[in-house]
Amino acid sequence: MRIAIAGTGYVGLVTAVCLAERGHNVTCVDVDANKIAIMQQGISPIYEEGLPELMKKNADRIVYTLDYESAYNNAEVIFIGVGTPEKKDGSANLNYVWAVVKNIAESVNHKCVVVVKSTVPIGTNEKVEKYLEENKRENAKFSVVSNPEFLAQGTAVHDTLFASRIVIGANNQEAADTMMKVYENFDVPKLITDRQSAEMIKYASNDFLALKISYINEIANLCEQIGADINDVATGMGFDTRIGNKFLNAGIGYGGSCFPKDTKALHWISAFYDKELKTVKAAIEVNDQQKLKLIKKAKAYYESFAGLKIAVLGLTFKPGTDDLREAPSLVNIPIFLEDGAEVYAYDPVGENNYKKLYPTEITYCQTPQEALKDADICFIFTEWPEIKALTLNDFALMKKVIILDGRNCFALKEMEVLPIAYESIGRRAIRNI
Ligand code: NAD
């Protein structure tokens, strides 16, 4: 099929490449000329495992262009995969979606299915269809379908090719049939619903996962008080298949482009209907507090960070991605800098994006050892394999071996025999210095 995709971010580009891998001809549209130029050279503008290889393999089935008009007017199906970031009041900013919808109305002059893959508030698909109906060209005929995305950054290609499910929210059989054809070669569970339910499935799923993380983090905080070990507690809970063993890793809170904004957006939507989602509100509050957890622990060692050399290991919101959106490092590092600390940071892939925010304020290190050398304290914000592989020899490079680990990277049994201070989340503190 001839498919156009608006937006070549983590969702749009991965979707495009995976649809091409399954045999479709895909045209990727973006407004970022720099990105398009990079992709035209066969280079992925984002870090995502397996993506460069699939881009190369399917190069003859993918076109990258700024020319939305011919891309949309030649497509049987147009996916919208642009960003829906958070507005100041917590609601979703739909400006990028509407810009694409306007472009589609101006360009398309044939029958076509418009697929909203961006995460949008319940009712948006209906509004998009109404707008297209009212503003369409003479020979255009649109059906709008909700097809939310569930991929996780870091495993996005795998999550798309072998999706847990494909949800199709359609209000007519013909559009649903077209979508079944798009996904014909994806051997995964498919669920056809109405559009509102599809839109809700996305928010309800993400908010549930955020809730699970905040729940385990609150239990972890209590474990510290009562002397229990959150890793053992989570393992014990995870055997219960009703609970499941995923998303039970305690840490310094969730980040990324989805959980923070999608919890706030659903909370906003429910407030709009005069309801309060109490559990979601609690998940947001717990997460905000959790991001400051290591700073509070650090106060046991230093009253202020002024004049200290701080080693920061991990900048991205999670391993496997170069994405910094809502990363805990973005909450903590400004506090270190404001206090007057010198920050030496290491991240295997996040450095270039961080430099756009902090070009000169931070010293970027090429190895974790370089960051650790002569440091007064070390903060771990991301559990990259390179960081989990560090040993005492590496930490011994510090002036004082005080490690505050926000991702429980190391086994307590190994750390407790060392002459170090090691504090993690939901486990007892080791203070051997
Ligand atoms: P992103 O910010 O990485 O990418 C958005 C892209 O859209 C950018 O390249 C931007 O230049 C482009 N764009 C903006 N306006 C455009 C226009 N008028 N025409 C064409 N392109 C335009 O966003 P993302 O992380 O891929 O997220 C996209 C959507 O998918 C969001 O709604 C998000 O909530 C949802 N989602 C994201 C993830 C994830 O893990 N990132 C997972 C599931 C769902």
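Both ligands and their constituent atoms are indexed starting at 1 by order of listing. Heads up: numbering here begins at 1 and tracks the sequence.
Not a single ring pair (Phe, Tyr, Trp, His ring centres under 6.0 Å) links Y203 to another residue, sequence neighbours left out. Among residues two or more places apart in sequence or in another chain, the ring pair (Phe, Tyr, Trp, His ring centres under 6.0 Å) test is passed with Y364 by none. Every residue was checked against the salt bridge (Lys or Arg N to Asp or Glu O under 4.0 Å) condition with R427, not counting sequence neighbours, and none meets it.
If you check the side chains of Q290 and N221, you find a donor sitting under 3.5 Å from an acceptor.
Of the inter-residue distances, the one linking N125 atom CG with R195 atom CZ reads 6.0 Å to the nearest 0.5 angstrom.
Side-chain atoms of W98 and K127, non-hydrogen and from C-beta on, do get closer than 4.5 Å to each other.
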Would you mind listing each N/O atom of ligand 1 next to any protein N/O under 3.5 Å, plus the distance?
{"residue": "ligand 1", "atom": "2 (O)", "partner": "R325", "partner atom": "NH1", "Å": "3.4"}
{"residue": "ligand 1", "atom": "3 (O)", "partner": "Y10", "partner atom": "N", "Å": "3.4"}
{"residue": "ligand 1", "atom": "9 (O)", "partner": "D30", "partner atom": "OD2", "Å": "2.7"}
{"residue": "ligand 1", "atom": "9 (O)", "partner": "K35", "partner atom": "NZ", "Å": "2.6"}
{"residue": "ligand 1", "atom": "11 (O)", "partner": "D30", "partner atom": "OD1", "Å": "2.6"}
{"residue": "ligand 1", "atom": "21 (N)", "partner": "G7", "partner atom": "N", "Å": "3.4"}
{"residue": "ligand 1", "atom": "25 (O)", "partner": "R325", "partner atom": "NH2", "Å": "3.0"}
{"residue": "ligand 1", "atom": "26 (O)", "partner": "Y10", "partner atom": "N", "Å": "3.0"}
{"residue": "ligand 1", "atom": "26 (O)", "partner": "V11", "partner atom": "N", "Å": "2.8"}
{"residue": "ligand 1", "atom": "32 (O)", "partner": "T84", "partner atom": "OG1", "Å": "2.6"}
{"residue": "ligand 1", "atom": "32 (O)", "partner": "T119", "partner atom": "N", "Å": "2.9"}
{"residue": "ligand 1", "atom": "34 (O)", "partner": "T119", "partner atom": "OG1", "Å": "3.4"}
{"residue": "ligand 1", "atom": "34 (O)", "partner": "K261", "partner atom": "NZ", "Å": "2.6"}
{"residue": "ligand 1", "atom": "40 (O)", "partner": "Q153", "partner atom": "OE1", "Å": "3.1"}
{"residue": "ligand 1", "atom": "41 (N)", "partner": "Q153", "partner atom": "OE1", "Å": "2.7"}
{"residue": "ligand 1", "atom": "41 (N)", "partner": "S257", "partner atom": "OG", "Å": "3.1"}

